[in-house]
Amino acid sequence: MFKLIVVVALAFALQFFLTSAQMSHFNKEFIKLRKQGRVACGRKSGGFHAGAIVMFQIDDNGIVQQAKKLEGVTCLARVRDLNGFEGRFVGDLTEEDGPKNHRNLKKAIADAALTYNKFVRGEELEQPPSPFQKIGRSAKKILHT
């Protein structure tokens, strides 16, 4: 039993370390883009599928200068270039503009366009629920049925 507890504790520690390294890498890439101008971001969580985050470095008119993505199921995923968006207006991007067979990446691209358009119109940007809020909502649903 003790060995099982040690193995589980080591697995959690390894996951924490790898997730921290991924977040650090993402933050460094975001800061690089941010130093060059404004950045429009979009995200789509994946669950058991590959989640995706996109970052579009844009000029003052909303024209994409650079695009990057973070896509994957594990904490080993890294930020990579996302080609084909340079020179396009970020507010006009849709799911169809994303790569074929990358469902959540397409949704993240559309989310970046939606977020940009809301920001330009001065609308409030919704924050995604935290994991604890999701658990609380699920518990309420179960208890009220």
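Note that the structure is predicted; figures quoted are calculated from it, not measured.
A distance-only check finds no donor-acceptor pair linking the side chain of Arg137 to the backbone of Lys140 [under 3.5 Å]. A donor-acceptor contact shorter than 3.5 Å links the side chain of His25 to the backbone of Val79.
Applying the side-chain hydrogen bond (donor to acceptor under 3.5 Å, both in side chains) rule to Glu124 yields no partners; only residues at least two apart in sequence or on another chain are considered. The salt bridge (Lys or Arg N to Asp or Glu O under 4.0 Å) check on Glu96 picks up nothing, with sequence neighbours excluded. Taking the side chain to side chain contact (heavy atoms under 4.5 Å, CB included) definition, one finds that Ser20 meets it with Phe16, sequence neighbours left out.
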Side-chain polar contacts of residues 108-120 - donor-acceptor pairs under 3.5 angstrom, sequence neighbours left out - could you list them?
residue: Asp111; atom: OD2; partner: Arg43; partner atom: N; Å: 3.0
residue: Thr115; atom: OG1; partner: Asp111; partner atom: O; Å: 2.8
residue: Asn117; atom: ND2; partner: Gly91; partner atom: O; Å: 3.0
residue: Asn117; atom: ND2; partner: Ala113; partner atom: O; Å: 3.1

Just distance, no hydrogens or angles: give the donor-acceptor pairs under 3.5 Å from side chains in residues 65-72, sequence neighbours left out.
residue: Gln65; atom: NE2; partner: Asp59; partner atom: OD2; Å: 3.4
residue: Gln65; atom: NE2; partner: Ile63; partner atom: O; Å: 3.1
residue: Gln66; atom: NE2; partner: Gln36; partner atom: OE1; Å: 2.4
residue: Lys68; atom: NZ; partner: Asp81; partner atom: OD1; Å: 2.7
residue: Glu71; atom: OE1; partner: His102; partner atom: ND1; Å: 3.3
residue: Glu71; atom: OE2; partner: His102; partner atom: ND1; Å: 2.9

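At a threshold of 4.5 Å between side-chain heavy atoms, the hydrophobic network of Ile, Leu, Val, Met, Phe, Trp and Tyr places Val6 and Leu14 in two separate groups. One hydrophobic cluster holds both Phe89 and Phe56 under the rule that ILVMFWY side chains link at heavy-atom gaps under 4.5 Å. No continuous path of ILVMFWY side-chain contacts below 4.5 Å connects Val39 to Ile58, so the two sit in separate hydrophobic clusters.
Residues Cys41 and Phe30 form a side-chain contact, since some pair of their non-hydrogen atoms from C-beta on lies under 4.5 Å apart. For the pair Gln57/Arg38, no side-chain contact is recorded, criterion being any heavy-atom separation below 4.5 Å from C-beta on.
Evaluation of the side chain to side chain donor-acceptor pair (under 3.5 Å) test over residues 82-93, restricted to residues two or more places apart or in two chains, returns Arg88-Asp97.
Contact detail for Met55 and Leu33: the closest heavy-atom pair is CB-CD1, 3.7 Å.
Atom CD1 in Ile31 sits 10.0 Å away from atom CZ in Phe26 (nearest 0.5 Å).
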